[in-house]
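Take a look at the structure below.
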Amino acid sequence: MAMLQMDELFEKTYGSDISSLTVNQLVRLILDKRNENKADEIVTDENGFFNNGSRFNCAEQFQMEYGLSQKDSQRLLAAMELGKRMVQAETLRKASIHSPEDAANLMMPRLRYEPIEHFQVILLNSKGKAIKIVNISTGSLNASVVHPREAFSPAIVNHAAAIVAVHNHPSGDPTPSREDRDLTQRLLKSGEILGIPMVDHIIIGDSIYYSFKEHGLI
C-alpha cells in the first residue's frame, strides 16, 4: 500500500476518518514535513515515545534521541501532555473513593513516573465522589514545604467534605519516611480542627502504594 501523502492525511482530519489513521500517521501529522520519515523510528522504538512515553518529560529528550527539531519536539511533548490530561479528566469525572485502593488507582497513572515529588490532595464530597485533584507542592516533601494551610485551603474553597493526601516517591519505594509520618500527624490534627477529615495519606511508588489507613495509622 502506498504511503499517504501529508495532504491526504490532513484531509482525513476534516471528516470522521481520523480514527482510521495509524499511530505512525498521527505522528507524521505532528511532525514537520522534513522530519516525517522519523515517524517509524519513533513509533517502533521499544523504549521510545509510543511504547514508553512516560519517561519523556522534556522536549530536549526528543531532540537527543530522534534528532528532531525543537519545534517538533515541543509539539510531540504537547500532544502527549494533552492526551494524558484528557484521560486524567475523564478518570476523575468517574472516580469515587471508598478505599485506599480506589485512591491509589486514581493517582498511580498521574504520579508513578514523576521524577520529583508532588504532594497533592483529592477533594471528596460527602458521598466519596472525587471533586478535584489539587497540586499543593512540588519538590522535597517536608513540614516547611507542605503546610496544613495550603493543604486544606482548596478543600475549604471547594466545600469538600474530606480529603485524601497523596504524594509520590520517585525512587519507586513507597515506604514512608519520618517526615512523611510527621506530616501525616500534622494534617490529621488540622483536619480535626477544621472539620474536614483527612481520610488517608497515600504514597505512590512504582506499581505499589502505601496507605496510612491500611496500616492503622489513620
Practice task
Taking all heavy atoms of Ser211 and all of Ile202, pick out the closest pair and write down the distance.
Solution key: CB-CD1, 3.7 Å

Practice task
Check Ala165 against Leu187 and note the closest heavy-atom contact, atom names and distance.
Solution key: CB-CD1, 4.4 Å

Handout entry: Value rounded to 0.5 Å, distance of CZ in Arg110 from CD1 in Ile133
Key = 3.5 Å

Completion exercise
Distance col, row Ile163:CD1 vs Met198:CE, nearest 0.5 angstrom, shows 6.5 Å

Exercise for the section: Using side chain to side chain contact (heavy atoms under 4.5 Å, CB included) as the criterion, list what pairs up with His98, not counting sequence neighbours. Expected result: Ser96, Asp102

Practice task
Name all residues meeting the ring pair (Phe, Tyr, Trp, His ring centres under 6.0 Å) criterion together with Phe212; count only those two or more places apart in sequence or in a different chain, and write none if there are none.
Solution key: His201, Tyr210

Handout entry: Separation of Glu117 CD from Leu111 CG (nearest 0.5 Å)
Key = 10.5 Å

Exercise for the section: Would you kindly say whether Ser171 and Asp173 are connected by a side-chain donor-acceptor distance under 3.5 Å? Expected result: no

Handout entry: Shortest non-hydrogen contact from Gly205 toward Met108
Key = O-SD, 3.5 Å

Problem - Ala103 to Ile122 - nearest heavy-atom pair and separation - result: CB-CD1, 4.3 Å

Problem - Pairwise distance CZ(Arg186) to OG1(Thr184) - rounded to 0.5 angstrom - result: 11.5 Å

Exercise for the section: Identify the residue among Asn135, Thr138, Asn168 that makes a side-chain hydrogen bond (donor to acceptor under 3.5 Å, both in side chains) with Gln120. Expected result: Asn135

Exercise for the section: For Pro154 and Leu123, work out which heavy atoms get closest and say how close. Expected result: O-CD1, 3.6 Å

Problem - Ile208-Leu217 co-clustered via ILVMFWY side chain contacts under 4.5 Å - result: no

Practice task
Compare every heavy atom of Val199 with every heavy atom of Ile218, then report the nearest pair and how far apart it is.
Solution key: CG2-O, 3.7 Å

Problem - Approximate separation, where rounding is to 0.5 Å, of Arg181 CZ and Arg178 CZ - result: 11.5 Å

Exercise for the section: Mind checking the CD1-CE spacing from Ile97 to Met107? Nearest 0.5 Å is all I need. Expected result: 9.0 Å

Handout entry: Ile136 side chain near His167 side chain, heavy-atom distance below 4.5 Å
Key = no

Fill in the blank from the handout: Which of Ile203, Asp206, Ile204 passes side-chain contact (heavy atoms from CB on, under 4.5 Å) with Pro174? It is Ile203

Exercise for the section: Check for a donor-acceptor pair, side chain of Asp200 on one end and backbone N or O of Lys213 on the other, with a separation under 3.5 Å. Expected result: yes

Exercise for the section: Please check if Phe152 and Val157 belong to a single hydrophobic cluster, counting links between Ile, Leu, Val, Met, Phe, Trp and Tyr side chain heavy atoms closer than 4.5 Å. Expected result: no

Problem - N/O donor-acceptor pair under 3.5 Å between Asp182 side chain and Glu179 backbone - result: no

